[in-house]
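Have a look at the structure below, then the notes.
If you're wondering where the values come from, they're calculated on a predicted model, not measured in any experiment.
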Amino acid sequence: MDSLPIQSKMDCSCMELALEGERQCKAGDCRTGVQFFEAAVQSGTDDLKTLSAIYSQLGNAYFYLQEYGKALEYHKLDLSLARTLGDKVGEAKASGNLGNTLKVLGKFDEAIACCNRHLEISRELEDKVGEARALYNLGNVHHAKGKHTGRCGDQDPGEFPPEVKDSLQKAAEFYEKTQLAKREDPCCHRISWSGF
C-alpha cells in the first residue's frame, strides 16, 4: 500500500483502511492515521469487535494529537461497544483510556470512576498487567487532582488544604500498589508507563 496515493488507499476495505491507519500512527503520522481510521468507519463493517478496535485507535490518535474532546468521544464509543459485546477486556481497556482522557480534561472524579472500573475488571479477570496499569493510572489521576486543587487554592506556599493532601496521599498509595504489582508479576515489568 505504500506506493499508492492516499485517495487510492481510501478505496480499500474497512480492515485495510484500519490497518493502514494503525501503520501511519505507528510511523508517527497520527493525523494521516486518523484520516484512514475515519475512512474505515465510513466504509462500514458488520464486525463490532473491529469497529470497537477502530474507535479505540481513533481515541488514542486524537489523544496523541491533543484533541481531547474527540478522544473522549471515540473512547466512549469504544466503551459502549465493548459493553454491548460483553467484552470485559475491551471494557477494561476503554475504561482506562477514558480515565486518562478525563484526567487531562480536568474531570478528575469521572476519571477516578473509570480507572476504578478498569481496576475492578482487571482484578475480576486476574489480569495482573491490567491491574498494575489501572493502579498506576489511579495514582496519576489523584496526583493531577492534588496538583490542580493546590494551584487553585489561596494558601501560603508549603501549606495545602486537606483535599490536596488527601489526593497526594492517595496518589502515593496507588504508586506503591503499582510497585507491589510489578514485583509480584514479572510481566508487569514490561509495561511502558509512558504509553498510558
Side-chain angles (χ1 to χ4, degrees), residues 13-15 17-26 29-125 127 129-145 148-149 167 170-171 174 191-196:
S13 74
C14 176
M15 181 60 78
L17 290 164
L19 290 172
E20 182 63 17
E22 185 175 20
R23 192 183 73 71
Q24 292 292 327
C25 287
K26 283 183 179 178
D29 188 359
C30 285
R31 185 74 54 206
T32 300
V34 161
Q35 291 175 349
F36 279 98
F37 288 132
E38 289 185 344
V41 170
Q42 290 300 313
S43 74
T45 180
D46 292 332
D47 183 351
L48 296 182
K49 278 202 78 86
T50 297
L51 187 57
S52 179
I54 293 169
Y55 286 157
S56 177
Q57 292 286 356
L58 270 164
N60 291 336
Y62 276 120
F63 187 94
Y64 179 81
L65 293 169
Q66 298 180 350
E67 294 183 34
Y68 302 117
K70 294 291 277 185
L72 186 67
E73 173 187 338
Y74 282 107
H75 286 313
K76 283 181 177 180
L77 288 169
D78 181 28
L79 179 63
S80 178
L81 270 183
R83 286 179 173 162
T84 298
L85 294 166
D87 176 8
K88 289 292 194 181
V89 172
E91 183 180 349
K93 175 182 53 82
S95 295
N97 287 337
L98 266 174
N100 287 330
T101 304
L102 289 162
K103 175 193 76 171
V104 172
L105 291 170
K107 298 180 178 184
F108 302 113
D109 293 334
E110 290 177 65
I112 289 167
C114 288
C115 291
N116 275 326
R117 183 67 181 142
H118 181 196
L119 179 61
E120 177 184 313
I121 295 169
S122 295
R123 286 179 171 163
E124 177 184 318
L125 298 174
D127 174 5
V129 173
E131 181 178 346
R133 283 186 173 138
L135 289 167
Y136 184 79
N137 289 339
L138 276 161
N140 279 345
V141 174
H142 283 287
H143 187 202
K145 181 179 181 181
H148 175 78
T149 305
S167 290
K170 284 180 182 173
F174 281 114
I191 294 173
S192 171
W193 301 114
S194 61
F196 276 82

Minimal non-hydrogen separation, [X] against [Y], with atom names:
X	Y	value
Gly90	Ala82	C-CB, 3.6 Å
Tyr74	Gly59	CB-N, 3.6 Å
Ser52	Leu81	N-CD1, 3.7 Å
Gly99	Ala111	O-CB, 3.3 Å

I need the [X] [atom1] to [Y] [atom2] distance, nearest 0.5 Å.
X	Y	atom1	atom2	value
Cys114	Lys103	SG	NZ	13.0 Å
Leu79	Lys93	CG	NZ	10.0 Å
Gln57	Glu22	CD	CD	5.0 Å
Asp127	Ser122	CG	OG	5.0 Å
Asn100	Asn60	CG	CG	9.5 Å
Cys14	Leu51	SG	CG	7.0 Å

Exercise. Is there a donor-acceptor contact under 3.5 Å from the side chain of Thr101 to the main chain of Asn97?
Worked result: yes
Problem set entry | Under 3.5 Å donor-acceptor, Ser43 side chain and Ala40 backbone | yes
Exercise. Should Leu58 and Val41 be marked as a side-chain contact (heavy atoms from CB on, under 4.5 Å) after you check the CA-CA gap, both sets of side-chain angles, and the distance that decides it?
Worked result: CA-CA 10 Å; Leu58 270 164; Val41 170; 4.0 Å; yes
Problem set entry | By side-chain contact (heavy atoms from CB on, under 4.5 Å) - contacts of Glu120 (at least two apart) | Arg117
Exercise. In chain order, what residues pass the side-chain contact (heavy atoms from CB on, under 4.5 Å) check against Asp109, with sequence neighbours excluded?
Worked result: Ile112, Lys145
Exercise. Are side-chain N/O atoms of Glu20 and Gln24 paired as donor and acceptor at under 3.5 Å?
Worked result: yes
Exercise. Could you walk me through whether Thr45 and Met15 pass the side-chain contact (heavy atoms from CB on, under 4.5 Å) check?
Worked result: CA-CA 8 Å; Thr45 180; Met15 181 60 78; over 6 Å; no
Exercise. Are the aromatic rings of Phe108 and His148 close, with centres under 6.0 Å apart?
Worked result: yes
Problem set entry | Within the 6.0 Å centroid threshold, strictly below: Tyr62 and Tyr68 | no
For this session: Scan residues 47-75 for pairs that pass salt bridge (charged side-chain N to carboxylate O under 4.0 Å, His left out), counting only residues two or more places apart or in two chains.
Result: Arg31-Glu67, Lys49-Asp87, Lys70-Glu73
Exercise. Are any non-hydrogen side-chain atoms of Cys25 and Phe36 less than 4.5 angstrom apart?
Worked result: no
